[in-house]
Structure formats: C-alpha cells, structure tokens
Amino acid sequence: MALNPASFWVPDSVPMKLLFTLCLSLLSVTLLQAQVIEQDTIKPGRGTRDAQLKNIKDRKARLFKDSLGGTEPTNTVLLDTTLYNKYGDLLNDDPEYNYRQPLWKPTAQVLGINLAFMGFNRYVAKADYAYVSPTTWKHNLRSEPEWDTDEFGINFIGHPYQGTLYFNAARSQGYNYWQSLPFAVGGSLTWEYFGENTLPSYNDMIYTPINGAALGEILYRLSSNILDDRTTGRERVIREVAAGVINPIRGLNRLLQGKTAQVTNKEVYEKEPINITLFAGVHRQNVNQDDVFGAGGNKTMFNVQLDYGNPFEDQKRKPFDLFRVRAEFSRGAHDTISGIINNITGYGILFGRNSTVGKLDVLTGLFQYYDYWNTRNFDLGALGFGPGLFTRLPLSKQVNLYTNAHLGVIPLAGNSTRFAPDENGLRDYVYTTGLHGKIESTLSLGRHASASFVYYHYLLKTIEGLEGTNSIGIVRPRVTVQLFKNVSLGYEHFGYTTNRKLEQYATQRSVITDQKIFLQLFLEDRQRRGRYN
C-alpha cells in the first residue's frame, strides 16, 4: 500500500527543526544499541583476538561505568536489559554453550563424590567411621538421627564445603540455583545414611545442603567472573586453573565437557562487577576478659572481602546476584582453635526489589546469612534467613553513605560453652536456634578515607546440649585513610560480649576485645564506582 505524504499531519506549533532533532536522536540510539549489544563479540578480520578483547573491555568500561553520585552507568539506555545487566554483561549463562545435561549425569557425580570420600576415609585415612557395610546401612535407616559430637570446625565449615561439591555437580552442568539445591540435599542424605557407620546427624542434614548451596553458588559465580572462553594461550590456562581451584567440581566438569579447549567469539557466562578488598597487618587479642585495651600478644592477620554485584542496580533479582563475603585468617599463639581461619561472614540475596526515595537508593529483599567464628575465646556458627534493607545516600559526587540493616531467623547455630562442657564431655558447644539483627554502615569519602560501623546481635536458645539462652553482641568499627592510590592505612576494633544464662550453671558474662592495624588494598571494578565496600 502506497503512503500518501499528505496523510501525515504535523501541527504548525511543532517546529520542523525539533522534529528533525528527535528523529535523529532516536535513530542514533537505535544504531548505538545495536552496536553495543554486539560489543563483546570477536569478529574475524578485525585484528588479533587479544587486541579485540582489550578493545572490548576498554569500551565496556568507558560506556558502562557508574556516574559519580549515581547508581547505574550513564549509558544503560543503550542496552537490551532482557539480555544484559547495566554493565554490558550477560544476565544469564548462554544456553547454547551451557545447556542442561541429562539428569543422570549430576546424579551420578553426586554419588561419585560420596564414593570418593568413602574410599579416601577407609583406605587412606583408615578412619573408624569409614568401615561401612549393608549392616551399618540397615541400622542407620532404622534408627533415629542424632546430634553429633564432631569438632566445631568440621560441622560449621567442613560440611558446608562438602555441600558445595554436591551443589556444583548440578550447577556446573546447566542447572540453575533452585534446580541444583535438591542435589545438595540428596548428596547430604545419602552420605549421612550410607557414607559412615555412625548415626545420621540432624545438624549435618540441615547445615550441609543449605549452606553448601549458598557457598556453592558463590564459588560458581566467582569462577564465572574468572573464566572467559574467548581467550587463548597462557591467559586461558591461568583462567582455567584459577577457576578450577576456586570451584573444583566445575573445573572437573569443564575438562569432561571439553570446555577447557572450547574457544568462543562471544562471552557466554553471567557476570556481575566485583570489588575486592584485601587487608593485612597485626592482630592484637587481649588476654584478659573485660579489658577493652589490655595485655595481649600480637599475631599476623590477613583479610579478604568480596562485594559482588551492585545492590543499587535496578534489575530483576536472582539468588546471589548480590553477595558479600569476608574471611579473616590469623597466625600465632593459637589465635584460632582449628587451623588458621578466624572467621567467615557473609550474606547473599535470594529475592529483592530496587527503588528510589528522593536521592536515596534502596534495595529490599530476602537474604541468606552465613556466620562462622572460630577464635581462641568463642565459637559461633549460624545459618540465617531474613529481610534486609540497603540504602545509598549520595552526599556529594565523591561522598556516599551506605547502610544496610537485617533481621533474621536462625534455624540452626552452634555456640561454644568452653566454661561448661556438655553432659557427655565430648562437645564444647551447644546446638541452638534463635534470631539475629545486623547493621553495617560506611561513610565513604571517595579515595581519601572511610569510616565504618558494624554491629551484629544474636539471641540464641539451646535445642541440644546445656539448657539455656545466650545474648551475643559483636561490634566492629573501622577507619581507613588513604596513603596513595588504592592503598590505605586502617584500624579496626573488635568487641564481643556474651550473656549466657544456663539452667544448671551460673550466668556467664564477659567482654572480649581485640585490635587490628593494617594496610588495605581496595580493587574497585572499573565499571562500578562509588567506593562501595
């Protein structure tokens, strides 16, 4: 059908120059959008692969960096947000290269993981609990589970890591978070009933799969940020090895699936920007209780904090597209009870929604929490779920106030009772349930300085062990001052209070403190500015 130019009516009040400008702008945006969507693709005949990759990364960083004082890149209008996040990265793994494998493959791998553990425990470690048989399996299936007496670190960090292996048997074979969770549950149950000759334990059947899935998703996402199937040569080898160290099951599956040798012309993995904070220095733990600054020895310590995803990016939220993990390691004078891991704390989003209230950027959501403290003075391991609120208030182009607050239910936790062992004399901690409240606030003065305040409070009631309740407070104020570029000098004070009321013993009250002086290296993703850490 022919178009009659006369059929297009333009009001006299609209200048032709304005119409021409609007049409040109729309055409420019359309052309730019098509160009940007293909920005991660290697194209034959346009230079070497390495040179094209460098240009792609530089262009993304330039186009999709955060505007100072804002929450999202200035050019997000150029992106198809059904495929990409606001930083030009995929919202989902490319299904063409990460298709879901048949159900029997992750199932067989979960069983293979358990068989490998069983073989090692029996033929290498020669552990008493490893000698299983149809008789022990029958006994376990007919018996009621128990609360075990394993060492604290084994139950609250060892078993969750074992759960990550089950989880990633599915996650690294094309299954999403929710589809992979049942494999963590199944792996844990089969291990409890068939992997050992001891009775199945309630705590392992809860803690292993649930926290295993959380830590497993974190490891999966971190390995995705390392992998880049567009690369070749030495860079590719380094990426594959690093990703395999972080996520061994994924590394194994990449070998089995031929992905380590697969070279693509485009990005095929979901990614989010990540900020990395490293700090190392001297850790002084006071010897006497109730001393705020008392006598104590000095130990070396190292911390790493990972901030993955932008809490203030307006997007449809998926499990763990936002998480924070902080791990602290100490050496010297038995600062920790087992190994060198002093504590690991973190949270990840399960569901969430972004909004704005005036200048205030807001994220509300449901979060999962993981807490592990294994210090000379106390043990605390907790699994939690609850609502969280994140806010960002830009005070100037360089200054931002970040605050997040959380309330949570704790289905299962372990807490030390070193002054009163359990009735069997086998376990120096009790199993508990309860509530927690957390607040973290940071005033960021750009590169120059920061001041943070962190407070956690736990209300715990014993469900197995010495009957009673415990009210625990943990406070961690911190200040940093820039020395040069991304290196700062920092000080953190740590305070732990406990008010334990036991039915069979006297009430226990104590205050424990320590201090840390450190050098901090802050590695900020080029595409996310604002000093969020």
| Going by atom types only, do N343 and N374 share a side-chain donor-acceptor pair under 3.5 Å? | no

| query | Do the side chains of Y220 and I218 get nearer than 4.5 Å, heavy atoms only? | reply | no

| task | Indicate the atoms forming the closest heavy-atom contact of L219 with I246, along with that distance. | result | CD1-O, 3.7 Å

| query | Is the shortest side-chain N to carboxylate O distance from E240 to K259 below 4.0 Å? | reply | no

| said: Any carboxylate oxygen within less than 4.0 angstrom of a Lys/Arg side-chain nitrogen, looking at D94 and K266? | reply: yes

| I274 side chain reached by D307 side chain, heavy atoms, under 4.5 Å | no

| Which atoms form the tightest heavy-atom contact between P311 and N354, and what is the distance? | O-ND2, 2.7 Å

| Does a side-chain N-to-carboxylate-O contact under 4.0 Å join E313 and R353? | no

| query | Quick check, are the ring centers of F390 and F367 under 6.0 angstrom apart? | reply | yes

| message | Assess, by modelled atom type and distance only, whether the side chains of N342 and Y372 contain a donor and an acceptor separated by less than 3.5 Å. | response | no

| field | Y429, F378, Y207 screened by ring pair (Phe, Tyr, Trp, His ring centres under 6.0 Å) with F152, the one that passes | value | Y429

| Shortest non-hydrogen contact from P387 to L407? | CD-O, 3.0 Å

| Looking at the rings of F167 and Y177, which for Trp means the six-membered one, are their centres under 6.0 Å apart? | yes

| query | With the threshold set at 4.0 Å, does a side-chain nitrogen-carboxylate oxygen contact exist between K438 and E440? | reply | no

| remark: Heavy atoms of P411 and T433 approach each other most closely as O-OG1, 3.5 Å

| said: Less than 4.0 angstrom from a charged side-chain N to a carboxylate O is my criterion; do K54 and D50 meet it? | reply: no

| Looking at K60 and D58, does any basic side-chain N land under 4.0 Å from a carboxylate oxygen? | no

| said: As a test of understanding, state which of D371, V325, N404 forms a side-chain contact (heavy atoms from CB on, under 4.5 Å) with Y347. | reply: N404

| request: Could you tell me whether K86 and D314 have a side-chain N and a carboxylate O separated by less than 4.0 Å? | output: no

| Do we see a donor-acceptor contact under 3.5 Å between the side chains of R250 and S224? | yes

| Electrostatic pair R230-E267, nearest N-O below 4.0 angstrom | yes

| task | Evaluate the side-chain proximity of L363 to L389: yes if any heavy-atom separation is below 4.5 Å, no if none is. | result | no

| Under 3.5 Å, is there a donor-acceptor pair linking the side chains of H436 and Y369? | no

| Side-chain heavy-atom pair I463, L412 within 4.5 angstrom cut-off | yes

| query | Do W373 and Y458 have their ring centres less than 6.0 Å from each other? | reply | no

| Got a salt bridge between D229 and R254, using NZ or NE/NH1/NH2 to carboxylate O under 4.0 Å? | yes

| Under 3.5 Å: donor-acceptor pair, side chain of D93, backbone of G174 | no

| field | F183 ring center near Y166 ring center (under 6.0 Å) | value | no

| Given side chains that start at C-beta, do those of L91 and K316 come closer than 4.5 Å, heavy atoms only? | no

| message | Under a plain distance cut-off of 3.5 Å, with no hydrogens placed, do H457 and S471 share a side-chain donor-acceptor pair? | response | yes

